[in-house]
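Presented below is the structure to which this report refers.
Index from 1, following the sequence.
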Amino acid sequence: LGHVTMCDVDSNEPIWTVELRKRGGVTALDVLQDGSRVIAATYAGICSIIDSKTGQVLCEIGQKKYGAATCVAFGQDGRRVITGNDDGAVRLWDSGDLTEKLKIDAHAGGVTCLCGWLEGNRIISGGRDNLVKLWNLADGREEKIFKGHSFGVAGLATSSDGRRLASASGDHTVKVWDIAAGKVIFNLESPDERFSAAAFHPDGLRLIAGGSGRVVYLVRMRAAASC
């Protein structure tokens with residue numbers, strides 16, 4: 001679909017709708033921590049920053065020549081924005097002056113997912129090259145590569161303490177990593193599932209994952225169950 005709609009959670013009635021069909025459709029969304037803004041990434045490579053109350057498009061960043069913007073994330077300060085594109089690059093933008101501050105040639109074949117802002121200046125990216133990478137945004141330096149998937153990485157999540165990383169892949173697995181050690185500490189595998197998303201439960205002991213099989217998995221790290 002080529003639009004973003006804000007709805008009232010009680011009535012489920014739409015509050016506003018922003019049409020982005022001319023941008024080729026929406027690929028990803030993120031919401032600023034204080035809820036004041038929404039950013040929508042599109043197939044055209046343009047990301048629109050939207051006022052959450054009014055639905056007004058405040059500004060746009062990105063360029064069509066970079067290919068589809070497949071993932072996007074606000075920085076903790078609300079001014080910085082990270083995008084991932086089909087051209088394989090992760091870019092850091094200043095949403096105040098709309099300028100590109102940093103480009104990282106991150107993944108062969110394209111960037112598919114982002115997460116992080118660990119310690120305020122590091123992010124994690126996943127790509128079609130089956131790799132997950134940790135980056136320092138101060139200088140664009142690659143700090144770590146997480147190898148283990150045999151298919152593209154579709155979703156990423158970090159635990160609330162910032163010590164663990166979950167990566168969901170089309171290779172039928174979700175891997176949980178110790179970020180500091182760079183090692184897999186738990187592996188969820190289902191031969192019938194091409195995983196595309198994962199999230200840590202607030203209790204830190206369980207993982208939620210899903211994908212193509214229309215099943216949501218609730219995982220207690222040492223034993224997997226589905227519901």
Yes or no on salt bridge (Lys or Arg N to Asp or Glu O under 4.0 Å) for Asp171 and Lys175, after CA distance, side-chain angles and deciding distance?
-> CA-CA 11 Å; Asp171 66 1; Lys175 300 184 185 298; 5.1 Å; no
Taking a hydrophobic cluster as the set of Ile, Leu, Val, Met, Phe, Trp and Tyr residues connected by side-chain heavy atoms closer than 4.5 Å, whether directly or through intermediates, do Tyr66 and Val90 fall within one such cluster?
-> no
Can you find a heavy atom in the side chain of Trp177 that is under 4.5 Å from one in the side chain of Lys144?
-> no
Minimum-distance pair of heavy atoms, taken over all atoms of Ala168 and Ala197 = CB-N, 3.7 Å
Student check: side-chain heavy atoms of Trp93 and Thr99 closer than 4.5 Å = no
Are Arg214 and Glu193 side-chain neighbours, meaning at least one heavy-atom pair lies under 4.5 Å?
-> no
For residues Leu114 and Ile123, determine if any side-chain heavy atom of one lies less than 4.5 Å from a side-chain heavy atom of the other.
-> yes
Atom of Gly62, atom of Ile46 and distance for their closest heavy-atom approach | O-CD1, 3.5 Å
Value rounded to 0.5 Å, distance of CG in Asn136 from CZ in Arg141 = 5.0 Å
Mark yes or no for whether Asn85, through its side chain, and Gly88, through its backbone, hold a donor-acceptor pair below 3.5 Å.
-> no
Are the side chain of Ser52 and the backbone of Ser36 linked by a donor-acceptor contact shorter than 3.5 Å?
-> yes
Validate the cation-pi geometry between Arg37 and Phe74: distance from NZ or CZ to the six-membered ring centre under 6.0 Å, angle to the ring axis within 45°.
-> no
Arg128 and Thr70: side chain to side chain contact (heavy atoms under 4.5 Å, CB included), yes or no, with the steps?
-> CA-CA 11 Å; Arg128 295 191 182 96; Thr70 53; 4.3 Å; yes
Just wondering, more than 12 heavy atoms not from Asp8 lying within 6.0 Å of its CG?
-> yes
Taking Asp86 for its side chain and Gly67 for its backbone only, find out whether a donor-acceptor pair lies under 3.5 Å.
-> no
Check the side chains of Gln56 and Asp51 for a donor-acceptor pair under 3.5 angstrom, ignoring hydrogens and angles.
-> no
Gap separating the CH2 atom of Trp135 from the CD1 atom of Ile145, nearest 0.5 angstrom | 7.5 Å
For Thr27 and Tyr43, indicate whether the former's side chain and the latter's backbone hold a donor-acceptor pair under 3.5 Å.
-> no
ILVMFWY cluster, Ile185 and Tyr217 together (side-chain gap under 4.5 Å) | yes
Should we count CZ of Arg163 as having more than 12 external heavy atoms under 6.0 Å?
-> no
How many angstroms lie between atom OG of Ser159 and atom CZ of Phe200, to the nearest 0.5 angstrom?
-> 5.0 Å
Tell me, with the steps shown, if Phe146 and Val184 meet side chain to side chain contact (heavy atoms under 4.5 Å, CB included).
-> CA-CA 9 Å; Phe146 302 86; Val184 175; over 6 Å; no
Are more than 12 heavy atoms from other residues, nucleotides or ligands located less than 6.0 Å from atom NZ of Lys101?
-> yes
Linking I/L/V/M/F/W/Y whenever any side-chain heavy atoms sit under 4.5 Å apart, do Val153 and Leu131 land together?
-> no
Just wondering, do Ile39 and Ile50 contact through their side chains at under 4.5 Å, heavy atoms?
-> no
Nearest heavy-atom contact between Asn130 and Gly152 is OD1-N, 3.1 Å
State whether a side-chain donor-acceptor pair under 3.5 Å links Trp16 with Thr5.
-> no
Hey, is Glu143 close enough to Lys133 for a salt bridge, meaning N to O under 4.0 Å?
-> no
His107 and Asp129: side-chain donor and acceptor closer than 3.5 Å?
-> yes
Do Thr42 and Glu60 touch side chain to side chain, with heavy atoms closer than 4.5 Å?
-> no
Please examine the side chains of Glu100 and Leu92, heavy atoms only from C-beta on, and report whether any two atoms are closer than 4.5 Å.
-> no
Around atom CD of Glu142, are there more than 12 heavy atoms of other residues, nucleotides or ligands at under 6.0 Å?
-> yes
Minimal non-hydrogen separation, Gly75 against Leu32, with atom names = O-CD1, 4.0 Å
Check Ala40 against Val26 and note the closest heavy-atom contact, atom names and distance.
-> CB-CG1, 4.4 Å
Atom CG of Leu58 and atom OG of Ser95: how far apart are they, to the nearest 0.5 Å?
-> 9.5 Å
Apply the test side chain to side chain contact (heavy atoms under 4.5 Å, CB included) to residues Ser167 and His149: give CA-CA distance (whole Å), side-chain angles for both, the deciding distance (0.1 Å), then the verdict.
-> CA-CA 9 Å; Ser167 56; His149 286 294; 2.7 Å; yes
Can you find a side-chain donor-acceptor pair between Thr173 and Glu189 that sits under 3.5 Å?
-> no
Side chains of Phe151 and His172 in contact at under 4.5 Å (non-hydrogen atoms) = no
Heavy-atom closest pair, residues Ala199 and Leu207 | O-CD1, 3.4 Å
Taking atom SG of Cys113 and atom CD1 of Ile124, what is their separation to the nearest 0.5 Å?
-> 10.0 Å
Please report the C-alpha distance between Val31 and Leu29 in whole Å, then the side-chain angles of each, then the deciding distance to 0.1 Å, and finally whether the side chain to side chain contact (heavy atoms under 4.5 Å, CB included) criterion is met.
-> CA-CA 7 Å; Val31 180; Leu29 294 170; 6.0 Å; no
Output the distance between atom CD (Gln33) and atom CG (Asp77), rounded to the nearest 0.5 Å.
-> 10.5 Å
Quickly, which of Leu137, Ile82, Asp94, Asp139 forms a side-chain contact (heavy atoms from CB on, under 4.5 Å) with Leu102? Name it, please.
-> Leu137
